[in-house]
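So you know, we letter chains A, B, ... as the sequences are listed, proteins then strands, and number each from 1. Computed over heavy atoms, backbone and side chain alike; hydrogens, waters and symmetry mates excluded.
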Protein chains: 2
Amino acid sequence: MPSKPLPPLAVPAASRVTIADVADKAGVSKATVSRFLNRRDELLTPEIAQRVETAIAALGYSPSPMAQALKRGRSRLIGLVVADVTNPFSVAVLRGAEKACQEAGYLLMLFNLGDDGQRERDAIEALASYQVEGLILNTLGHDEGAAAAVARQGRPVVLVDRRHANMQADFVSLDNAGAVRLAGEHLLQSGWDELLFVSEPIAGVSSRQERAAAFRAFLADQPEVHGASFESAAEDLGGLETQLLQLRARGRRPALLASNAVITLRVADAVARLGWRFGTDLGFVGIDETEWAPLVGPGLSTIAQPTDALGRLATACLLERLQGRDLPPRQILLPGTLVVRPSSVAARTLG
Amino acid sequence: MPSKPLPPLAVPAASRVTIADVADKAGVSKATVSRFLNRRDELLTPEIAQRVETAIAALGYSPSPMAQALKRGRSRLIGLVVADVTNPFSVAVLRGAEKACQEAGYLLMLFNLGDDGQRERDAIEALASYQVEGLILNTLGHDEGAAAAVARQGRPVVLVDRRHANMQADFVSLDNAGAVRLAGEHLLQSGWDELLFVSEPIAGVSSRQERAAAFRAFLADQPEVHGASFESAAEDLGGLETQLLQLRARGRRPALLASNAVITLRVADAVARLGWRFGTDLGFVGIDETEWAPLVGPGLSTIAQPTDALGRLATACLLERLQGRDLPPRQILLPGTLVVRPSSVAARTLG
DNA sequence: TTGTATGCGTTATCAA
DNA sequence: TTGATAACGCATACAA
């Protein structure tokens with residue numbers, strides 16, 4: 001047991017040191033202190049500046065962002081609305097965004113929808129009430145009120161990964177078309193000749209739509225290749241198994257393209273239940289790189305998203321707008337990177 | 001192309017509707033509106049209350065939390081400092097905490113250390129400057145200034161998963177001793193007889209210390225069982241392989257207990273490189289349940305942490321303190337759940 | 001170049 | 001029971 005007494009659980013809230021305290025200590029007015037803080041370049045007698053500076057240091061003063069926000073309407077806060085924090089992609093983006101915010105002296109306010117798309121509007125309004133200067137949205141955009149809520153706030157917004165209908169905003173995302181093409185071409189080059197694209201139920205989610213459309217376009221360019229698409233619902237695991245059996249019945253060298261990590265998990269589960277092996281019985285590439293991809297079966301090939309860059313760019317976009325730049329809405333599409341592992345390459349070897 | 005004009009990217013900040021507007025519209029004073037909002041139970045003429053209520057509804061008024069915070073020092077904000085948002089455990093806790101906060105009408109302010117333990121103090125101070133009412137810390141506690149910073153703020157703190165020396169606070173965590181015992185007993189009962197406990201470098205992290213100590217205690221209770229511990233550093237993957245080879249040389253039925261998901265990943269990688277199979281060449285249980293545990297090798301046995309409950313309880317503790325309750329620091333230890341998969345049970349079958 | 005006074009949106013203290 | 005009015009901590013127009 002340590003013998004020295006520990007501090008109490010909550011001391012009487014060591015009343016904040018304010019700008020007035022600094023002014024007193026320096027023997028100047030509050031206005032002078034404020035000027036020293038905000039417009040240091042301007043008009044300031046060196047001697048006074050010195051006095052203020054030492055007073056600030058002595059008192060350990062730092063201005064209250066809340067009071068500043070109240071006064072000038074800017075809060076150094078950025079709101080982040082995430083459809084589901086459990087989603088590794090969302091977390092990766094969050095991480096990138098958070099880093100960029102910190103570097104720029106902003107703090108992130110988080111609102112997690114917990115996959116309840118109807119609360120989007122609540123989220124935006126809650127965040128807005130704290131005067132967030134801008135919003136990063138990684139959500140479905142299914143809440144009717146959301147777009148209106150954003151517009152009402154009149155604050156810049158960046159959409160990540162998912163577009164919203166009716167919302168005029170910057171958009172940062174993986175180049176979905178390119179990613180699907182990259183995966184498809186790699187599978188064909190590796191000797192697989194019958195493709196199945198599996199997605200979560202599209203349900204109006206733009207990234208899912210884009211990936212599915214990209215797959216169709218890819219097939220259209222390769223008339224000699226057979227291909228099909230399937231939307232796998234979480235409740236219907238049997239459906240996926242049926243699709244896999246049909247796929248293998250159709251082609252000698254069937255391969256699967258998973259549209260994201262959730263589907264990859266589901267497919268890996270089905271493949272295990274069927275007793276198949278990736279890379280021999282079934283070729284595989286999945287969008288989304290994960291730490292476990294190398295460890296499932298013989299190792300799963302993936303398309304890695306530049307998640308960190310996505311988060312950073314989303315923040316950068318927002319900060320640019322906050323600087324006052326009035327540009328037309330931008331789209332930033334970043335390429336995915338193919339990570340080749342045995343799940344996609346064994347076929348040729350065996351062929 | 002949609003033909004209807006979209007709203008501009010940023011409208012001139014539809015100046016907030018304030019309590020004064022409501023007062024005007026209702027033909028009462030601001031004070032009355034404020035009273036209606038805050039002490040509805042008290043003294044209020046029904047007719048006036050009605051007028052205020054309709055005015056609020058008509059204007060869509062909601063009070064500014066910033067102004068409220070400035071005035072009463074309470075912000076409805078809770079600060080969450082996380083050592084590393086990439087860590088699934090942290091995210092799971094975050095999720096639980098975020099849910100509980102929302103239910104209680106609080107918003108979460110996030111600060112991610114990005115595994116830079118030295119920034120803990122910055123984090124606490126940044127959060128405190130926004131008047132967060134309390135702090136949830138899932139950090140190393142290696143930053144000397146941190147405890148002092150917290151004490152200075154005089155706000156309640158809850159520690160999750162990792163204790164801090166010198167910090168008087170509630171503590172919410174997995175029952176590490178119980179979890180390790182549960183895993184160890186399960187391995188022995190399944191017929192494995194030579195155990196290796198693998199942890200990340202202890203480095204003063206309390207949860208790692210506790211798990212390692214629990215393993216030693218477990219061994220002490222079972223004199224007939226051989227066992228060893230190993231701290232696996234990220235830079236030294238070869239070291240882990242060496243340990244595995246030695247383990248298998250020592251015992252006929254060797255099993256490994258991984259202290260968390262990071263180690264599980266590392267072990268799975270090493271096992272793959274060695275060409276071993278979980279459940280036959282090596283028994284395995286890892287602390288931390290993950291979505292991919294069923295898919296690695298034959299399926300990995302785990303001890304699932306009640307992450308959601310941890311997050312919720314951490315928040316609940318904080319909220320209780322905020323209610324003004326002045327209790328001695330509490331410890332809440334939640335049991336882990338054994339999830340049995342083939343990695344730990346095949347031995348007996350084969351025996 | 002510095003100080004005074006006002007207001008940001010609330011709540012709280014006092015009178016009325 | 002309600003209404004002025006003064007803070008909360010800060011930034012700024014204006015006066016000095």
Side-chain angles (χ1 to χ4, degrees), chain A residues 13-53 55-56 59-77 125 128-133 153, chain B residues 13-53 55-56 59-77 125 128-133 153:
Chain A
S15 59
R16 208 189 162 73
V17 22
T18 78
I19 199 170
D21 301 326
V22 177
D24 281 359
K25 178 140 194 138
V28 299
S29 76
K30 295 194 294 176
T32 302
V33 179
S34 178
R35 269 190 291 260
F36 174 82
L37 258 21
N38 300 308
R39 298 120 69 116
R40 197 169 312 212
D41 48 328
E42 271 180 39
L43 5 139
L44 264 203
T45 306
E47 194 261 340
I48 294 256
Q50 187 53 250
R51 290 224 307 272
V52 173
E53 185 156 20
I56 288 179
L59 265 40
Y61 167 78
S62 78
S64 153
M66 304 291 265
Q68 290 182 321
L70 193 61
K71 184 63 193 161
R72 41 186 185 196
R74 302 191 294 108
S75 60
R76 310 236 61 146
L77 244 31
E125 282 175 345
S129 76
Y130 280 96
Q131 309 272 46
V132 294
E133 298 185 30
Q153 308 309 144
Chain B
S15 59
R16 207 189 163 73
V17 24
T18 78
I19 200 171
D21 301 325
V22 177
D24 282 358
K25 177 140 194 136
V28 299
S29 75
K30 296 192 297 174
T32 303
V33 180
S34 178
R35 267 190 293 260
F36 173 82
L37 258 21
N38 299 308
R39 298 120 69 123
R40 199 169 310 216
D41 49 327
E42 271 180 37
L43 4 138
L44 263 205
T45 307
E47 194 260 340
I48 293 257
Q50 186 54 251
R51 290 222 309 270
V52 173
E53 184 155 22
I56 288 179
L59 267 38
Y61 166 77
S62 79
S64 153
M66 304 289 266
Q68 289 181 322
L70 190 62
K71 185 59 193 167
R72 45 185 184 197
R74 302 190 293 109
S75 60
R76 310 236 61 151
L77 245 30
E125 284 176 344
S129 77
Y130 280 95
Q131 310 269 49
V132 294
E133 296 185 31
Q153 307 309 144

Engineer: Can you measure from CZ (B/R39) to OG (B/S34) and round to the nearest 0.5 angstrom?
Structural biologist: 7.5 Å
Engineer: Starting at CZ of B/F36 and ending at C1' of D/dG3, how long is that distance when rounded to a whole Å?
Structural biologist: 18 Å
Engineer: Rounded off to whole Å, could you give me the CD-to-C1' distance for the B/E47 and D/dT2 pair?
Structural biologist: 13 Å
Engineer: When rounded to the nearest 0.5 angstrom, what distance separates CD1 in A/I19 from OG1 in A/T32?
Structural biologist: 9.5 Å
Engineer: Whether the side chain of A/Q131 engages the backbone of A/R74 through a donor-acceptor N/O pair (distance < 3.5 Å, no angle test) should be reported.
Structural biologist: no
Engineer: Using a 4.0 Å cut-off on protein heavy atoms (strictly under), produce a 5'-to-3' string for nucleotides 9-16 of chain D with B for base contact, S for backbone-only sugar-phosphate contact, and - for none.
Structural biologist: BBBB----
Engineer: Bend angle of the helix from C/dT1-D/dA16 to C/dA16-D/dT1 from five-pair axes at both ends, rounded to 10°?
Structural biologist: 50°
Engineer: Ignoring hydrogens and geometry, is there a side-chain-to-backbone donor-acceptor pair from B/S64 to B/A67 under 3.5 Å?
Structural biologist: yes
Engineer: Where do B/S29 and B/A23 come nearest, in terms of heavy atoms and distance?
Structural biologist: C-CB, 3.7 Å
Engineer: Closer than 3.5 angstrom, by distance alone: can the side chain of A/D21 be matched with the main-chain N or O of A/T18 as a donor-acceptor pair?
Structural biologist: yes
Engineer: Would you give the length of the straight line joining atom CG of A/L70 to atom CD of A/Q68, rounded to the nearest 0.5 angstrom?
Structural biologist: 11.0 Å
Engineer: For B/T45 and B/E47, indicate whether the former's side chain and the latter's backbone hold a donor-acceptor pair under 3.5 Å.
Structural biologist: no
Engineer: Could you please name the option among D/dT1, D/dG3, C/dT2 that lies closest to any side-chain atom of A/L44?
Structural biologist: C/dT2
